[in-house]
Amino acid sequence: LSTWPIPSDTPNVYGASGSTQTCTVQGLFNEMGNISTPLFNASLCTYYFLVIRHGWTERRIQKVERRFYVPPIIVGLFMGFIG
């Protein structure tokens, strides 16, 4: 989000016009993205591995599809709120 969420009273930061709350929210989204992105990538790799290497059909993938989406979201939210 650049420097605008950084508190406006922070010295030597160009474009800082936010507050402590906007800085905290930026940190939350940053942490969620830093954790969720590699986990979603791992899910995508697992999907391709199952489809290409093991020949899983669309019907079989649909049965386990939630296991690809839920963990990255839950872990990302959890780490974002505690981090």
Side-chain angles (χ1 to χ4, degrees):
L1 294 174
S2 99
T3 58
W4 73 265
I6 297 173
S8 57
D9 57 351
T10 304
N12 302 321
V13 178
Y14 176 77
S17 60
S19 64
T20 303
Q21 290 82 13
T22 58
C23 188
T24 302
V25 170
Q26 179 182 10
L28 168 76
F29 286 118
N30 187 26
E31 189 68 24
M32 285 172 33
N34 287 341
I35 298 296
S36 295
T37 300
L39 293 176
F40 271 117
N41 191 25
S43 294
L44 188 60
C45 290
T46 304
Y47 168 81
Y48 284 129
F49 177 74
L50 293 174
V51 170
I52 295 170
R53 179 75 174 140
H54 293 286
W56 280 33
T57 62
E58 186 69 26
R59 182 175 294 177
R60 193 167 179 191
I61 287 290
Q62 286 176 349
K63 292 178 183 178
V64 297
E65 192 171 15
R66 283 204 172 122
R67 294 182 188 149
F68 294 147
Y69 299 124
V70 173
I73 293 170
I74 298 296
V75 172
L77 286 172
F78 178 75
M79 295 302 288
F81 280 107
I82 68 164

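Side-chain contact between Leu44 and Tyr48 is present, with at least one heavy-atom pair separated by less than 4.5 Å. Using a 4.5 Å cut-off on side-chain heavy atoms (C-beta onward), Gln26 and Thr22 make no contact.
In plain terms, the two heavy atoms of Ser17 and Ser8 that are nearest each other are CA-CB, 3.9 Å. A pairwise comparison of heavy atoms in Ser43 and Pro72 identifies OG-CG, 3.9 Å as the closest pair.
We find the OG1-CD1 distance between Thr20 and Ile6 to be 11.5 Å, quoted to the nearest 0.5 Å. We find the CD-CZ distance between Glu31 and Phe81 to be 12.0 Å, quoted to the nearest 0.5 Å.
A continuous path of hydrophobic side-chain contacts links Tyr47 to Val64 [ILVMFWY only; heavy atoms under 4.5 Å]. In this structure, Phe68 is not a member of the same hydrophobic cluster as Phe40, with clusters built from ILVMFWY side-chain heavy atoms closer than 4.5 Å. Phe49 and Trp56 fall within the same hydrophobic cluster, defined by Ile, Leu, Val, Met, Phe, Trp and Tyr side-chain heavy atoms under 4.5 Å apart, directly or through other members. Hydrophobic clustering (side-chain heavy atoms under 4.5 Å, transitive across Ile, Leu, Val, Met, Phe, Trp, Tyr) groups Met79 together with Leu39. Follow the hydrophobic side-chain contacts under 4.5 Å out from Leu28 and you never reach Ile82; the two are in separate clusters.
Partner Tyr69 forms a side-chain contact (heavy atoms from CB on, under 4.5 Å) with one of Arg66, Arg67, Glu65 and no other, that one being Glu65.
Under the 3.5 Å distance criterion, the side-chain polar atoms of Asn34 are matched with a main-chain donor or acceptor of Asn30. Proximity of a side-chain donor or acceptor of Ser36 to a complementary backbone N or O of Ile73 within less than 3.5 Å is not detected.
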